[in-house]
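Notes for the one structure printed next.
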Amino acid sequence: MLEWFAIDLIKQAGEYIRLQIDESYRIERKTGKGDLVTEIDRAVEQLIVDRIRESYPEHHIIGEEGISTEPDDLSGTVWFVDPIDGTLNFIHQKRMFAISIAIMVDGVIEYGFVYDVMADELFVARRGVGTTLNGRKLPIIKEHHVRDAFLSMNATWVTPNQQIAPEVLAPIVRDSVGTRAHGAASLELAWLAAGQVDGYITMRNMPWDYAAGKLLVEEVGGRLVSIYGEPVRYDGKTSVLAGSETFVKDVVKHYVIAKGATPEVKPDLQIGINGS
Ligand code: IPD
Ligand code: CA
Ligand code: CA
Ligand code: CA
């Protein structure tokens, strides 16, 4: 069955990373000094792609490192794979990174898997069934307003970005209980599902960053949308706002819309799924 296959696969990939983490490996720059890829990222994606192709040759795979050819559309079964989400944490901290895998069937995410490799914590969501952490069902998350929320927020909000002006988001930081920038989107969403943070906000994620985490969050009663409250896209980058229904509405209505912010769709938001 697909779920057990994916669990076995993600655990095998995690074991491989734990074996390699203290070895020396090649690191390359992609777009800049903060955007790196290691040979371990590529090897893990290769391992995952090979096993999926072997067992499910008709499935499509969209992976961050582009090992598999991306499909033309999202029909049929599509796997979203981030072999190491939080590569900078992997390199520098040797912890707080995850393998993130989502399975979409005809445009709907059916399964989400986020594996915190060093903590050996596996989060699994199945649409309509719920979210588990190491097999234990997670309860519905509590409703929070910004004023009583502990947030995970990617620090790029303070820099000029293509999504929203920093002045719009500063009051959220000021009004919340506190903010952290953990550096691994899928894990931050998993922790949201587990009630360890009350919201997640980032200016730029790709589908492999949030596809699995989105289902983890939704299956405990939460929501994941763009910073403007719109459904997120699976064909390019997007801002992400996630949390309880109350939190998401509070941010969109009282912070984003109240400040008159409007989405600015820049040409480079219209890229293909693998950034080409
Ligand atoms: C990154 C991390 C980071 C997020 C970036 C992602 P990567 O993924 O999830 O937290 O802010 O948008 O690209 O490159 O380490 O897999
Ligand atoms: Ca990356
Ligand atoms: Ca990622
Ligand atoms: Ca990655």
Side-chain angles (χ1 to χ4, degrees), residues 10 13-14 17 21 25-46 48-49 61-68 70 79-102 112-118 123 151-159 161-164 166 169 179-193 196-197 199-214 216-217 224 226-227 232-234 236-242 268-269 271 273-276:
I10 208 166
I17 296 175
I21 198 163
Y25 48 77
R26 255 195 336 275
I27 304 175
E28 287 166 33
R29 275 187 186 199
K30 288 166 102 178
T31 58
K33 65 182 175 193
D35 184 12
L36 306 177
V37 60
T38 74
E39 64 182 300
I40 312 300
D41 295 67
R42 292 210 176 97
V44 172
E45 188 164 313
Q46 187 75 60
I48 293 171
V49 166
I61 306 159
I62 295 170
E64 180 183 6
E65 308 309 341
I67 302 288
S68 186
E70 67 178 64
W79 295 63
F80 289 92
V81 175
D82 193 337
I84 299 182
D85 182 37
T87 297
L88 285 176
N89 289 356
F90 167 73
I91 295 170
H92 293 279
Q93 304 196 297
K94 298 195 176 193
R95 59 194 278 271
M96 286 220 298
F97 59 87
I99 304 170
S100 177
I101 296 179
F113 308 87
V114 175
Y115 186 37
D116 182 335
V117 174
M118 302 315 279
F123 297 83
L151 301 179
S152 198
M153 219 165 148
N154 187 290
T156 51
W157 73 267
V158 289
T159 59
N161 62 77
Q162 295 171 342
Q163 295 291 343
I164 201 161
L169 298 182
T179 59
R180 298 290 183 271
H182 294 103
S186 64
L187 260 189
E188 291 165 284
L189 292 169
W191 292 337
L192 171 55
Q196 295 171 18
V197 296
Y200 173 62
I201 297 176
T202 186
M203 293 306 101
R204 183 192 169 282
N205 262 185
M206 291 296 284
W208 46 77
D209 295 316
Y210 62 77
K214 180 174 189 286
L216 297 179
V217 167
L224 185 149
S226 80
I227 193 71
V232 287
R233 51 194 295 158
Y234 288 96
K237 50 185 160 172
T238 177
S239 57
V240 167
L241 161 65
D268 82 339
L269 293 179
I271 57 171
I273 207 98
N274 277 334
S276 52

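Since the model is a prediction, treat every value here as computed from it, not as a measurement. Heavy atoms only: backbone and side chains are in, while hydrogens, waters and symmetry mates are out. For ligands, and for the atoms within them, numbers begin at 1 and follow the listed sequence.
Residues Arg233 and Thr238 come closest through the heavy atom pair CG-CB, 4.0 Å. In plain terms, the two heavy atoms of Phe97 and Leu187 that are nearest each other are N-CD1, 3.9 Å. Heavy-atom minimum distance, Leu216 versus Gly112: CD2-O, 4.0 Å. The minimum heavy-atom distance between Ala181 and Met153, with the atom names listed, is CB-O, 3.4 Å. Looking at every heavy atom in both residues, Ser100 comes nearest to Trp208 through OG-O, 3.5 Å. Among all heavy-atom pairs drawn from Glu64 and Ile84, the shortest one is OE1-O, 4.4 Å.
Close approach of ligand 1 to Ile84 is summarised as follows: ligand atoms under 4.0 Å from at least one heavy atom of the residue are 16 (O). Heavy-atom proximity to Ala184, at under 4.0 Å, picks out these atoms of ligand 1: 9 (O), 10 (O). Heavy-atom contacts of Asn205 reach the following atoms of ligand 1: 4 (C), 12 (O) (cutoff under 4.0 Å). Listed by number with element, the atoms of ligand 1 under 4.0 Å from a non-hydrogen atom of Thr87 are 15 (O).
Only the side chain of Asp82 comes within 4.0 Å of ligand 1, judged by heavy-atom distances. Within the 4.0 Å heavy-atom criterion, the part of Asp209 lying near ligand 1 is the side chain and not the backbone. Heavy atoms from both the backbone and the side chain of Ala185 come within less than 4.0 Å of ligand 1. Of the heavy atoms in Glu64, only side-chain atoms (C-beta onward) come closer than 4.0 Å to ligand 1. Under 4.0 angstrom from ligand 1, the non-hydrogen atoms of Asn154 all belong to its side chain.
By the 4.5 Å heavy-atom criterion applied to side chains, Lys237 and Met203 are not counted as neighbours. Counting heavy atoms from C-beta on, the side chains of Val114 and Asp85 never come closer than 4.5 Å.
Note on Asp82: its N/O/S atom closest to the Ca ion (ligand 3) is OD2. Taking the N/O/S atoms of Glu64 in turn, the shortest distance to the Ca ion (ligand 2) belongs to OE2. Its N, O or S atom nearest to the Ca ion (ligand 3) is what matters here, and for Asp209 that atom is OD1.
Atom 7 (P) of ligand 1 has its closest protein heavy atom at Gly86 N, 3.6 Å. What sits closest to atom 10 (O) of ligand 1 on the protein, heavy atoms only, is Gly183 C, 3.0 Å. In terms of protein heavy-atom proximity, atom 12 (O) of ligand 1 is closest to Arg204 O, 2.9 Å.
Inclusion of Asp85 in the first shell of the Ca ion (ligand 2) is not supported: no N, O or S atom falls under 3.0 Å.
Of the possible polar contacts, none joining the Asp41 side chain to the Val37 backbone as a donor-acceptor pair under 3.5 Å is found. No donor-acceptor distance shorter than 3.5 angstrom exists from the side chain of Glu45 to the backbone of Pro83, with no hydrogens or angles considered.
Contact between Leu36 and ligand 1 is absent, with no heavy atom of the residue lying under 4.0 Å from the ligand.
Between Tyr210 and Tyr234, the two ring planes are tilted [angle within 30° to 60°]. Relative ring orientation between His182 and Trp191 is described as perpendicular, the plane-to-plane angle rising above 60° on a 0-90° scale split at 30° and 60°.
Ligand 1 has no N or O atom lying under 3.5 Å from any N or O atom of Leu88, backbone or side chain. For Asp85, a nitrogen or oxygen atom sits less than 3.5 Å from a nitrogen or oxygen atom of ligand 1, counting backbone and side chain alike.
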